[in-house]
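First comes the structure, then the notes that go with it.
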There are 2 protein chains.
Amino acid sequence: MALIKPRSRRGGGRPTISDVARKAGVGAITVSRALREPERVSEELRRQIQAAVDELGYVPDPNARALASARAEVFGVLVPSLTNNVFAEVVRGIYDSLSDSPFRIQLGNTHYSGLEEERLLQVFGSQRPAALIVAGIDQTPTSRKLLENAGCPVVQVMETGPEPVDMMVGFSHLDGGRAATEHLIEAGYRRIGFIGARMDPRSQRRLAGYRAAMEKAGLFDPRLVTTTPVLSSVPLGRELFRDALAKMPTLDGVFCNNDDIALGVLFECHRASIDVPKTIGIVGFNDLDMMQVAFPSITSIRTYRYEIGRRAVAMALAAISGDRPQERIVDLGFELKRRESTAR
Amino acid sequence: MALIKPRSRRGGGRPTISDVARKAGVGAITVSRALREPERVSEELRRQIQAAVDELGYVPDPNARALASARAEVFGVLVPSLTNNVFAEVVRGIYDSLSDSPFRIQLGNTHYSGLEEERLLQVFGSQRPAALIVAGIDQTPTSRKLLENAGCPVVQVMETGPEPVDMMVGFSHLDGGRAATEHLIEAGYRRIGFIGARMDPRSQRRLAGYRAAMEKAGLFDPRLVTTTPVLSSVPLGRELFRDALAKMPTLDGVFCNNDDIALGVLFECHRASIDVPKTIGIVGFNDLDMMQVAFPSITSIRTYRYEIGRRAVAMALAAISGDRPQERIVDLGFELKRRESTAR
DNA sequence: CAACGTCATGGTAGCGCTACCATTTTTATT
DNA sequence: AATAAAAATGGTAGCGCTACCATGACGTTG
């Protein structure tokens, strides 16, 4: 006696695939198939199985699934910041594109740290994700190797560059910085400053674009550049602008690293009764929606963050299903939005 | 012959726990223990095992772990929006608190939809998460049941209320709305409007606080309230303010649902040459850092979003490790920041 | 009508790990 | 020194699912 195994169900008593199979009077594997490749199961069984699933409230265990198939239905997403609106928009695009797919999202925050990125890539890799989406193109050699060996599609987002690990969606920050600066020059500004916080690689490239445009026009002066590694914010924009002005009182324009900084500059101009755009011209970067309602409205470089997220998912999904997109590098560009802040 | 099993390694050839065990000359279970409860393994073996782990580059498979232990090292986090700074801050607090724990984060975006929340809860539940953190207290009955049966600690964040599913960290939006409105009244404003977008339950409670204060002072008039279900933004704030003013030209103050709206109102005042705070007083909600540098600086209700995220994790972690905090409802409060926009 | 696909279904054997019990060794305790 | 108790280690048996192969029932073809 005592032949009956207690069957402790350490899993907590939720129905399993064999419960469903038993109830539907089929084999477990058929249930598995009915759920994943319905077209390979006869309509009759499919219906029976569906009924059993509904009745029991069966939900497949993703962990067991991942273990058995050596592939988790997870997209790993790595961004440097969660609060920066720019990345928040990319992430939103990714979530929206994946919301009615079976894929879950594993989001990591690198805090702009290469080391943290490596650590997270390690963690993510251990899950055998279906795809990896990472911000930027400046991975450390270790990170790059991890990405190359991830064994899944990889999309680098927010930038374009010559050597994708796999695929890429973004735009040229250098060109963006150049376009912003050229616009200020064309509008008649001459002593144009660059103000930037959190000088990550993307900001560096915008600065390079600024510098290229200024040098080409014979206007560059290193004292026009004010930067800090501190995290960007509106209050910081105000302070940096005051610094810049103290350093260079003849300043007549500023290209800001991003819109937060630009807003800080605008507020300080109000406070100090500096006329915008007459005395100072302002250009931001990213074109947050508040730029168009600011008073005066602020010229900015519009970027397509949400679209970048969507596109990245679309490309990854295509690669997963076998047909890799022919173009591995997608440049979504940007647009200069001319507004009152530079309408001299 | 052919006795040697090919051992196909469909897992892709990464080292497993038995590889480590073999190399270290111990049993697999000892490796498992050395990794999870090092104090239960002798120092010598621990060192040998660590050496083997390092040499092989072994990383445990979280899926196998979750399957075997019926518990995934995952925190499920549910927020209604990814781009709203308020939730981004909460999420950041959660990430920062969990960054050097073994727990991963599964983040879900409900888009303010109860149905979507139910769906995500279902998906999350199937993973047997270690804890669940959800925004708000207005779950549908189905969601509430799912939370109650999740079999793990649950923390509701951003609000306080009488009946937590399990634990709660937040503050009273009603009191916040009341405090903001009372401040305007004390400052001498009388025709005080309420302007709100995306009237989610939290906004509704702020409105209720506004109404309570206004009625108490005998100032309430339904025509003073301007709301819309549309998603909140700075441009929308501007528009709603224009609507409000058209409807009620004698308006002399506004309590805004949130800071985005407040900023939109401020910009419109600039544009229409309406003096702030003389002609119109403005109060925002949440106190984004730009409020203090705006010109004029904007009075707002400071809320502790980041801290809410951290606290939620701390409480969940305590519950996981067995000692549930004695206070299951934590009220982190808020603070009225008086600034120029209401300094009549 | 034999020989050969093709389709629908099922059985078996793991995926990589840990819970649950042994079993052995060491350390108190009397 | 004998015994109990605690500490350290290991073996076995799954967790819930799917890859892989096997089986049988049908056509299809020459």
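Every chain is numbered from 1, with letters handed out A, B, ... down the list of sequences.
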Atom CG of B/Leu67 to atom P of C/dC17: distance rounded to whole Å? 12 Å
Answer yes if the side chains of B/Arg36 and B/Ser32 hold a donor-acceptor pair under 3.5 Å, and no otherwise. yes
Among C/dG11, C/dC17, D/dG16, which is the nearest nucleotide to the side chain of B/Ile17? C/dC17
Without decimals, in angstroms, what is the distance between A/Arg128 CZ and D/dA19 P? 13 Å
Nearest-nucleotide comparison on DNA chain C, the residue closer to the 5′ end among A/Ala64 and B/Ala28: A/Ala64
Within-4.5 Å side-chain heavy-atom neighbours: B/Arg324 and B/Asp166: yes
Select from A/Val31 and B/Tyr58 the residue whose nearest nucleotide in DNA chain C is closer to the 5' end of that strand. A/Val31
Nucleotide nearest B/Ser69 (side chain, heavy atoms from C-beta), chosen from D/dA19, C/dA19, D/dG16: C/dA19
Which of residues 33-51 of chain A sit near DNA chain D, with a heavy atom under 4.0 Å from it? A/Arg36
Ion pair check, A/Glu73 and A/Arg104, cut-off under 4.0 Å: no
If you measure from CD1 on B/Ile94 to CD on B/Glu89, what distance do you get to the nearest 0.5 Å? 11.5 Å
Candidate nucleotides D/dC20, C/dT18, D/dG16, ranked by approach to the side chain of B/Arg65 - the nearest: C/dT18
Could you tell me whether A/Arg119 and A/Glu116 have a side-chain N and a carboxylate O separated by less than 4.0 Å? yes
Over how many whole Å does the gap from B/Asp61 atom CG to C/dC15 atom P extend? 12 Å
For B/Glu39, does the CD atom sit with more than 12 other heavy atoms under 6.0 Å from it, leaving out its own atoms? yes
Crowding at CD, B/Glu44 (>12 non-hydrogen neighbours, <6.0 Å): no
For the pair made of CD1 in A/Ile29 and P in C/dA13, what is the distance, rounded to whole Å? 14 Å
So, OP1 or OP2 of C/dT18: does either fall under 4.0 Å of a side-chain N or O from B/Ser32? yes
OP1 or OP2 of D/dG10 less than 4.0 angstrom from a side-chain nitrogen or oxygen of B/Thr30, does that happen here? yes
Inter-axis angle, terminal five-pair segments of the helix from C/dC1-D/dG30 to C/dT30-D/dA1 [nearest 10°]: 30°
Which whole-number value in Å describes the distance from B/Arg22 CZ to C/dG16 P? 12 Å
Please say whether more than 12 non-hydrogen atoms of neighbouring residues, nucleotides or ligands are located less than 6.0 Å from CD in A/Glu37. yes
Residues passing the side-chain contact (heavy atoms from CB on, under 4.5 Å) test with A/Pro164, sequence neighbours excluded, are A/Gln156, A/Met168, A/Ile329
